[in-house]
Amino acid sequence: MAERRIDPEDGAAYTWEEFSAYYAGKYKKKAVEAYWEECEKRGRTRASAKAKAKDEAWGKKAEPKAAPKAGEGQGQSEGQGQGQGCEGEVKSAGNFKVCVCGGAGGIGQPLSMLMALDPNVKELCVFDLSVAMVPPAGVAADLGHLERKSEVKGYVMEVGQKPIDNLKECLTGCDLVLVPAGMPRKPGMTRDDLFKVNADIAKGIVEACAKFCPDAVLGLVVNPVNSIVPAMAELYKKKGLDPLKIVGVTTLDVVRANKFCGEIMNKNPNYINVPVVGGHAGTTILPLFSQDKVAKLIPEDKIPDLDKHVQDAGTDVVNAKSGKGSATLSMAYAGARLGRSVLAGLMGKKRTECAYVKSDITDLPYFASKVQFGEKGVSKVLPIGELNEYETKRMEEVKAQLKGEIETGLKYAED
Ligand SMILES: NC(=O)C1=CN([C@@H]2O[C@H](COP(=O)(O)OP(=O)(O)OC[C@H]3O[C@@H](n4cnc5c(N)ncnc54)[C@H](O)[C@@H]3O)[C@@H](O)[C@H]2O)C=CC1
Ligand SMILES: O=C([O-])CC(=O)C(=O)O
């Protein structure tokens, strides 16, 4: 039988054929061979001091899978030191409990599938209401047949009940809770139009997380992210919990910026990593094309349209779906990318992704920027970096719009 070695990046075991095929084109053959040599053979315990030392060395060395996707090295060392330190127990690979709230919905189902496939997920909880389009137990039964080690469980709640009264078993022990629970837009609506109904949904879930899994990272997908994240982070603060556990999921903006840039430049988007900062609605979405090595070569006159294309991408999908929802599949892909990075961070492998969090890198209290995920979740909120003239002007627009949307969230938390 072919030898398998454990890739410290995701904790899964691969044959040389699988391993070299994955990295082919991303790194030189010699670098891939050297990395393989460093990987543990399957069967050795990752908990040994030797293995741990090796892991640490890898953390500082090549970070091969993360490098092309996550924009590592783009200003990481300048972190502002916000967030928690890195001491504490590090969970080993393949041992995480993840919950997807709204897991039977348009985003929830494919996101649950991608998380069930993640080799780091040991237990996946699919939570939704009894009125969901499919019973969560059905989604769980379906995903439970994937040939993966993850155990998938469904949890259902009647409309009108409270998550805090129903989710003890579901949430206890969770490391990551992803929340695509809530109403999506229809054509003609703004994300803001969803605020009241979705903030109430998020509040119920966040309150239950505060009680049953206060150390978990909460990835809030639910819109409007720009207002709901401040509202929920302030609720966490009031309870004496860390507001940086509340993470607004803006990964789809990065995914779109990479894709559209790849189309224009005729390049593989896997090699592009455009940071997208600000927020997740209209003008607050600011892709920093000047900060990616491929994107910065885009002719200047093409940038305004490309910027607008990224800003409007969600609305384009809403319109194309003609009243039958908003982006679901690309969102699930993006949410799983963030989820993977969060779990890698919890394992002690630092990862950088853009996310909308409590922040002091600008004069606004919440802002999307590159964020480093570490052993307890957000470990650093990274600075914006250098902006060109176009981006500097756009930043003013971003802040003017975002300010009011943050205030909506803060006011909700006060009431
Ligand atoms: N952050 C981002 O980039 C994106 C955010 N979104 C947002 O994600 C949210 C979900 O979108 P879709 O999955 O398309 O909607 P959907 O309507 O298909 O699914 C939402 C699910 O949430 C469930 N739900 C509602 N209230 C709940 C509660 N109290 N507890 C548990 N589950 C509950 C529903 O039963 C449903 O299954 C929307 O608010 C949408 O605007 C969508 C795309 C991108
Ligand atoms: O546009 C929407 O309503 C959903 C969303 O946030 C996106 O696709 O970016």
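Both ligands and their constituent atoms are indexed starting at 1 by order of listing. Values in this document were obtained by computation on a predicted structure and should not be read as measured data. In what follows, every heavy atom counts, from backbone to side chain, and hydrogens, waters and symmetry copies are set aside.
- For Val221, heavy-atom contacts with ligand 1 shorter than 4.0 Å involve the backbone as well as the side chain.
- Under 4.0 Å from ligand 1, the heavy atoms of Asn198 that appear belong solely to its side chain.
- Taking any N or O of Thr328, backbone or side chain, none lies under 3.5 Å from an N or O belonging to ligand 1.
- Residue Ile201 has no N or O atom closer than 3.5 Å to an N or O atom of ligand 1.
- Close approach of ligand 2 to Ala327 (heavy-atom distance below 4.0 Å) involves ligand atoms 8 (O).
- Contact analysis puts Pro180 in contact with ligand 1, with a non-hydrogen atom separation below 4.0 angstrom.
- Of all the heavy atoms of Thr250, none lies under 4.0 Å from any atom of ligand 1, so neither backbone nor side chain is involved.
- Within the set Met331, Met183, Arg185, the minimum heavy-atom distance to atom 2 (C) of ligand 2 is found for Arg185.
- Distances from ligand 1 to the non-hydrogen atoms of Ala327 include at least one value under 4.0 Å.
- Residue-to-ligand polar distances place Met183 within reach of ligand 1: an N/O pair is separated by less than 3.5 Å.
- Under the side chain to side chain donor-acceptor pair (under 3.5 Å) criterion, Lys237 pairs with Glu234, not counting sequence neighbours.
- The residue from Arg191, Arg256, Lys321 that puts a heavy atom closest to atom 5 (C) of ligand 2 is Arg191.
- Contact annotation: for Lys186 versus ligand 2, there are no heavy atoms closer than 4.0 Å.
- Every heavy atom of Val131 sits 4.0 Å or more from the atoms of ligand 1.
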